[in-house]
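Okay, so here's the structure we're looking at.
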Amino acid sequence: MNGRLFGSSGVRGLANVEVTPSLAAEIGAAVATCSEALKVVVGRDTRTSGAMLENATVAGLLSCGANAWQVGIVPTPTLAFLTKQLKADAGIMITASHNPPQYNGLKIFNADGMAYDMKSQDKIEETIRKRQFKRTNWADVGTSQRVDETSLYAEAVRRKVKLHRKWHVVVDPGCGATYNLAPQILKSLGCKVTTLNAQADGFFPARSPEPNAESLEPLAKVVENLGADIGIAYDGDGDRAAFIDERGNFADFDRTLAAYAGHVAKQKTGATVVTNVEASMNIEKMVEQNHGKVVRTKVGDVYISEEMKKHKAVFGGEPCGAWIHPQLHYCPDGILTSALLLRALENEDTELSDFVAQAPVYSTVRKNMACRNTEKNRIMKQVSESLRSAFPEHREISDVDGVRLVLENGWMLVRASGTEPLMRLTVEGESLRTANKIMAKATLLVRKLVEE
Ligand code: MG
């Protein structure tokens with residue numbers, strides 16, 4: 001692979017082209033070397049390249065003296081949870097999350113079950129680049145064993161969530177890593193469970209590993225036809241959840257996140273909720289009316305969980321469906337999310353459609369502007385000042401990720417693309433008219449800077 005190995009969510013690329021067994025073995029060796037690990041938990045999702053990369057990763061670990069505990073096909077949050085529970089020094093999940101079937105990757109967790117931060121990732125990269133692996137002598141090579149400890153995770157979820165209503169849920173794991181665990185846990189919580197695509201299949205023949213309105217159309221039909229209470233779907237590795245309401249409509253990601261954040265804020269006065277810079281402002285609307293506070297971070301669950309720890313936040317989430325519930329752990333967790341959403345509906349004595357309808361509908365417009373890569377730094381430096389003076393009425397300006405300016409009736413975000421010669425403009429307004437008006441003004445300003 002060219003450039004940095006790690007992206008915003010671990011190492012990711014085309015299986016056997018970019019993410020090869022040799023790379024997996026090097027990452028395994030680097031993790032064992034850097035953390036001086038004696039015990040590492042290794043899991044994977046259902047991808048066809050999973051076993052190949054798992055075995056290579058384990059070989060790397062063993063070569064540097066670590067013992068590998070292989071938990072097989074599990075959701076990413078389960079792997080993170082087990083890493084801490086089993087008192088391992090690190091955890092490695094082989095997954096490409098919601099990416100198409102031909103991709104795969106590795107996501108690394110520390111002994112606390114937290115995803116590796118930038119510093120730890122840099123250490124792994126450097127160890128691989130300089131080939132500073134601490135290989136052991138023949139007598140100290142590690143051992144591997146297969147273990148099934150998923151019941152520890154299932155019990156933990158059951159302890160955290162009690163349901164009283166017999167919900168009829170249609171569960172769609174999409175042939176991914178939640179295929180057996182999600183139906184099993186929801187059943188144990190007392191739900192009547194109908195399953196769809198609940199077999200492990202690395203070709204993902206039923207739908208894309210990414211749950212969205214389009215890929216969940218078949219699930220929506222089943223929910224409607226059966227008159228079920230809710231449809232629940234997960235991404236390929238089960239850290240994201242998406243929902244279909246009792247009428248068979250896809251529950252908008254931003255509004256569901258905002259409604260749930262509002263619900264959590266209601267339970268505790270002055271609570272902090274964390275989300276990323278791209279999420280809709282309806283989360284502030286829902287949280288602030290319940291006397292809570294919203295903190296925004298860069299896009300990526302690693303940043304959300306770090307900020308949550310710092311602020312002792314009660315909840316954090318991104319509008320892709322990755323929600324973090326600190327009562328169990330700091331890894332986004334789809335199964336836990338679905339159980340807690342059902343509990344929230346019970347607490348508010350409502351159905352999903354009405355629950356989501358509490359969050360207002362706003363309008364978002366997006367625009368890309370061509371911009372040479374070499375000019376990006378200069379422009380981003382000037383954008384802040386230029387927006388500040390053009391919108392003197394702004395409520396807030398932040399540079400946590402690009403430049404984000406908050407107005408009374410909307411906000412805008414200007415970011416330089418990390419991969420393409422583009423500037424990306426995002427605007428949200430209380431109405432489409434407002435959004436377009438803000439976008440028109442922002443476009444003129446940024447264009448002027450690009451053309452300078
Ligand atoms: Mg995922």
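Model, not experiment: these values are computed from the prediction.
- In terms of heavy atoms, M93 sits closest to V74 at CE-O, 3.0 Å.
- Between the E26 side chain and the G60 main chain, no donor and acceptor come within less than 3.5 Å of each other.
- Side-chain N or O atoms of E428 include one that pairs as donor or acceptor with a backbone N or O of M281 at under 3.5 Å.
- Heavy atoms only, all atoms of each residue included: G176 and F204 are closest at CA-CE2, 3.9 Å.
- Counting only heavy atoms from C-beta outward, the side chains of S431 and N409 never approach each other to under 4.5 Å.
- In this model, a donor atom of one side chain and an acceptor atom of the other lie less than 3.5 Å apart for S49 and N104.
- Using a 4.5 Å cut-off on side-chain heavy atoms (C-beta onward), I128 and I27 make contact.
- Listed by first and then second residue, the side chain to side chain donor-acceptor pair (under 3.5 Å) pairs involving residues 205-221 are D172-R207, N212-S215 (not counting sequence neighbours).
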Assess whether salt bridge (charged side-chain N to carboxylate O under 4.0 Å, His left out) is satisfied between D45 and R47, documenting all intermediate values.
CA-CA 6 Å; D45 66 16; R47 287 163 199 276; 2.9 Å; yes

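- When side chains are defined from C-beta on, F81 does not count as touching P77, because their heavy atoms never get closer than 4.5 Å.
- With hydrogens and angles ignored, the 3.5 Å screen pairs no side-chain donor or acceptor of E126 with any backbone N or O of K123.
- Here CG of L257 is found 10.0 Å from CG of D252. Values are rounded to the nearest 0.5 Å.
- Looking at S305, its side chain does come within 3.5 Å of a backbone N or O of V302 through a donor-acceptor pair.
- A heavy-atom distance below 4.5 Å is found between the side chains of H325 and F315.
- Each of E284, E396, E278 was compared with R296 under the salt bridge (charged side-chain N to carboxylate O under 4.0 Å, His left out) criterion, and only E284 meets it.
- Here the side chain of R415 pairs no donor or acceptor atom with the backbone of R404 at under 3.5 angstrom.
- Ring pair F243/W323 is tilted by interplanar angle, where 30° to 60° counts as tilted.
- Contact annotation: the side chain of Q327 approaches that of L340 to within less than 4.5 Å [non-hydrogen atoms, C-beta and beyond].
- Checked by atom type and distance alone, the side chain of D399 never pairs as donor or acceptor with a backbone atom of G402 at under 3.5 Å.
- Counting heavy atoms of neighbouring residues, nucleotides and ligands inside a 6.0 Å radius, atom CZ of R378 exceeds 12 of them.
- When every heavy atom of A88 is checked against every heavy atom of V41, the shortest pair comes out as CB-CG2, 3.6 Å.
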Passes side-chain contact (heavy atoms from CB on, under 4.5 Å), H98 versus Y103? Steps please.
CA-CA 9 Å; H98 54 283; Y103 285 79; over 6 Å; no

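- The environment of K266 atom NZ is dense: over 12 non-hydrogen atoms of other residues, nucleotides or ligands sit within 6.0 angstrom.
- Separation of atoms OG (S353) and CG (L345) is listed at 9.5 Å; rounding is to 0.5 Å.
- Checking K376 against N373 by side-chain atom types alone, a donor-acceptor pair falls below 3.5 Å.
- Taking CD1 from I335 and CG from D239, the interatomic distance works out to 11.0 Å, rounded to the nearest 0.5 Å.
- Of all heavy-atom pairs spanning I438 and G410, the tightest one is CD1-CA, 4.2 Å.
- Ring orientation note: the planes of Y260 and H263 are tilted relative to one another, at an angle of 30° to 60°.
- Listed here is the closest heavy atom pair of D245 and V223: O-CG1, 3.6 Å.
- With sequence neighbours excluded, no residue satisfies salt bridge (charged side-chain N to carboxylate O under 4.0 Å, His left out) with D201.
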List the steps and the verdict of side-chain contact (heavy atoms from CB on, under 4.5 Å) for W69 and L82.
CA-CA 10 Å; W69 285 43; L82 290 177; over 6 Å; no

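- Using cut-offs of 30° and 60° on the angle between ring planes, the pair Y153 and H329 is tilted.
- Distance alone, capped at 3.5 Å, places no donor-acceptor pair between the S386 side chain and the Q382 backbone.
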Starting from the C-alpha separation in whole Å, work towards a yes-or-no answer on side-chain contact (heavy atoms from CB on, under 4.5 Å) for M308 and V295.
CA-CA 9 Å; M308 283 178 71; V295 171; over 6 Å; no

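- Under the 4.5 Å side-chain criterion, counting only non-hydrogen atoms from C-beta, M412 is not in contact with T426.
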Evaluate salt bridge (charged side-chain N to carboxylate O under 4.0 Å, His left out) for K107 paired with D301, printing each intermediate quantity in order.
CA-CA 12 Å; K107 193 164 181 172; D301 59 73; 3.2 Å; yes

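- Side chains of N249 and V356 form no contact here, defined as non-hydrogen atoms less than 4.5 Å apart.
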Test side-chain contact (heavy atoms from CB on, under 4.5 Å) on L341 and I230; report intermediate values, then the result.
CA-CA 11 Å; L341 181 71; I230 191 171; 4.3 Å; yes

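- Counting only distance, with no hydrogens or angles, the side chain of T20 and the backbone of L23 share a donor-acceptor pair below 3.5 Å.
- Between atom CG of residue L186 and atom OG of residue S338 there is a gap of 5.0 Å, rounded to the nearest 0.5 Å.
- What you find for G238 and T178 is that their closest heavy atoms are CA-CG2, 3.6 Å.
- We find the SG-CD distance between C320 and E318 to be 5.0 Å, quoted to the nearest 0.5 Å.
- Of the N and O atoms on the side chains of T76 and D237, at least one donor lies less than 3.5 Å from an acceptor on the other residue.
- For the residue pair T434 and Y362, no side-chain donor N or O sits within less than 3.5 Å of a side-chain acceptor on the partner.
- R343 contributes no side-chain N or O that, together with a main-chain N or O of V161, makes up a donor-acceptor pair within less than 3.5 Å.
- Using a distance-only test at 3.5 Å, with no hydrogens or angles considered, no donor-acceptor pair links the side chain of T46 to the main chain of A200.
- In this structure, Y116 and C34 have side chains that are not in contact, with every pair of non-hydrogen atoms separated by 4.5 Å or more.
- Rounded to the nearest 0.5 Å, atoms CG (N282) and CD (E430) are 11.0 Å apart.
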